[in-house]
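Reminder, nothing fancy here: chain letters follow the sequence lines and each chain counts from 1.
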Protein chains: 2
Amino acid sequence: MLSKKTQYAFHALTYLAENQDKGPILISEISEMRKISLKFLENILLELKKSGILGSKKGKGGGYYLIKPPEEIGLAKIIRLLDGPIALLPCVSLNYYEKCENCQEEICGLNVVMSEVRDNTLKVLENKSLKDVLREH
Amino acid sequence: MLSKKTQYAFHALTYLAENQDKGPILISEISEMRKISLKFLENILLELKKSGILGSKKGKGGGYYLIKPPEEIGLAKIIRLLDGPIALLPCVSLNYYEKCENCQEEICGLNVVMSEVRDNTLKVLENKSLKDVLREH
DNA sequence: TCATTAGTCTATTAAAATGGTAGGGAATAT
DNA sequence: ATATTCCCTACCATTTTAATAGACTAATGA
């Protein structure tokens with residue numbers, strides 16, 4: 001399951017996407033509109049900014065905004081950023097790979113199946129963008 | 001990611017499947033062969049027994065054994081049993097469904113995408129059995 | 001320049017989940 | 001009877017999750 005953090009990130013990002021024309025959006029506005037704890041959301045948006053997904057502006061008229069158009073922001077990237085691996089096992093993770101301790105991957109049947117699950121999952125997540133989860137698209 | 005509990009369960013179950021002909025297998029044997037903490041494994045096997053996947057026998061000559069042939073033990077079932085939902089969001093889970101608080105599912109784009117992910121994942125997990133993850137099959 | 005606005009950063013906290021341990025109790029075979 | 005083996009309840013330590021607090025920095029504009 002995705003963490004609340006990631007779920008909130010999606011809420012916030014879609015809000016930003018749906019209001020792109022309005023210029024920078026206040027954290028507090030997103031917090032109110034999408035019912036997310038203000039301080040928690042602060043952390044999340046900051047993290048998204050540091051990863052190059054969002055831009056920000058301080059002072060009056062400031063706020064957060066998308067740096068790239070929604071169709072260029074992949075869902076897999078967001079999940080990996082905030083939740084870590086998408087794969088079900090460390091030994092089949094593409095981005096967070098860790099070797100199995102007690103089984104030889106080459107002959108491990110689980111490895112094969114879980115790789116297949118990963119591929120099927122990524123087939124969706126890597127090819128869908130923020131744009132695909134907006135209300136109007 | 002699957003918890004250690006679930007990963008250990010798979011290790012134990014494949015061991016049991018690969019040694020079905022030997023009659024009941026001791027927890028301690030599985031623990032040693034698959035390098036799993038004995039006491040932790042006890043809990044796991046007990047849980048699998050209570051769910052009707054394993055049978056057990058006490059006293060000398062006792063141990064755990066598969067009740068059904070490996071090809072009838074689905075991977076999705078084992079994961080759900082020990083780790084809970086397979087879906088990435090509560091509102092798209094088939095077995096552990098929970099309503100979204102702050103979004104209307106009918107018009108929620110995330111809901112659509114995550115349902116697709118779930119279906120793609122289940123397409124693999126529901127159609128693969130313990131037999132498919134054994135070394136010799 | 002100075003007050004206001006708004007993001008940045010570090011630390012803390014409470015609760016839950018995870019992974020593992022301890023130690024009897026109950027059933028069974030010999 | 002007794003050794004064997006699973007059964008059961010409780011407990012514990014650590015990590016993760018979700019959220020909060022508060023001070024700091026940067027930008028704006030009157």
(request) Decide yes or no for Glu47(B) and Leu82(B): does some side-chain heavy atom of the first lie under 4.5 Å from some side-chain heavy atom of the second? (result)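 Yes; the side chains approach each other to less than 4.5 Å.
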Rounded to the Å, how far apart are [X] [atom1] and [N] [atom2]?
{"X": "Lys39(B)", "N": "dA13(D)", "atom1": "NZ", "atom2": "P", "value": "18 Å"}
{"X": "Lys4(A)", "N": "dA17(C)", "atom1": "NZ", "atom2": "C1'", "value": "15 Å"}
{"X": "Leu38(A)", "N": "dA21(D)", "atom1": "CG", "atom2": "C1'", "value": "12 Å"}
{"X": "Leu16(A)", "N": "dG7(C)", "atom1": "CG", "atom2": "C1'", "value": "14 Å"}
{"X": "Leu82(A)", "N": "dA18(D)", "atom1": "CG", "atom2": "C1'", "value": "13 Å"}
{"X": "Leu46(B)", "N": "dT5(D)", "atom1": "CG", "atom2": "C1'", "value": "13 Å"}
{"X": "Gln7(A)", "N": "dT17(D)", "atom1": "CD", "atom2": "P", "value": "13 Å"}
{"X": "Met1(A)", "N": "dT17(D)", "atom1": "CE", "atom2": "C1'", "value": "14 Å"}

Hey, does the side chain of [X] come within less than 4.0 Å of [N]'s phosphate (OP1/OP2), counting only N and O?
{"X": "Tyr8(B)", "N": "dG19(C)", "answer": "no"}
{"X": "Ser37(A)", "N": "dT20(D)", "answer": "yes"}
{"X": "Lys50(A)", "N": "dC9(C)", "answer": "yes"}
{"X": "Ser3(A)", "N": "dT16(D)", "answer": "no"}

N/O to N/O distances under 3.5 Å, protein versus nucleotides 25-30 of chain C:
residue: dA27(C); atom: O4'; partner: Lys58(B); partner atom: NZ; Å: 3.2

(request) Map Gly62(B) and Thr6(A) onto DNA chain D by nearest heavy atom, then report which one ends up closer to the 5' terminus. (result)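 So the residue in question is Gly62(B).
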Check every strand shown and say whether [X] touches a base, only sugar-phosphate, or nothing at a heavy-atom separation below 4.0 Å.
{"X": "Leu45(A)", "value": "nothing"}
{"X": "Ile25(B)", "value": "sugar-phosphate"}
{"X": "Ile27(B)", "value": "sugar-phosphate"}

(message) Checking the side chain of Arg80(B) only, and the main-chain atoms of Pro85(B) only, is there a donor and an acceptor separated by less than 3.5 Å?
(response) no
(request) Could you tell me whether Glu116(A) and Lys128(B) have a side-chain N and a carboxylate O separated by less than 4.0 Å? (result) yes
(message) One thing to verify: whether Lys49(B) and Glu42(B) come together as a salt bridge, which I'm taking to mean a side-chain N less than 4.0 angstrom from a carboxylate O.
(response)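 Here Glu42(B) does not pair with Lys49(B) in a salt bridge, since their nearest N and O are not under 4.0 Å apart.
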(request) Assess the side chains of Arg118(A) and Ser93(A): does a donor N or O sit below 3.5 Å from an acceptor N or O? (result)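 There is no such pair between these side chains.
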(request) Please indicate whether Met33(B) has more than 12 foreign heavy atoms, meaning atoms of other residues, nucleotides or ligands, lying under 6.0 Å from its CE. (result) no
(message) Which nucleotide wins on minimum distance to the side chain of Ser56(B), given the candidates dC6(D), dA18(D), dT8(C)?
(response) dC6(D)
(message) Should the side chain of Asn43(B) and the base of dT21(C) be counted as holding a donor-acceptor pair, with the cut-off at 3.5 Å?
(response) yes
(message) For dC6(D), does the base pair up with any side-chain atom of Glu42(B) as donor and acceptor (N or O, under 3.5 Å, distance only)?
(response)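 Checked by distance alone, the answer is no.
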(request) Test Leu54(A) against every option in Ile44(A), Leu46(A), Ile67(A), Leu13(A) by the side-chain contact (heavy atoms from CB on, under 4.5 Å) rule and name the one that passes. (result)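 Single pass found, and it is Leu13(A).
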(request) Could you state whether Tyr65(A) and Phe10(A) fall into the same hydrophobic cluster, counting links through intermediate Ile, Leu, Val, Met, Phe, Trp or Tyr residues with side-chain heavy atoms under 4.5 angstrom apart? (result)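 Not linked; separate clusters.
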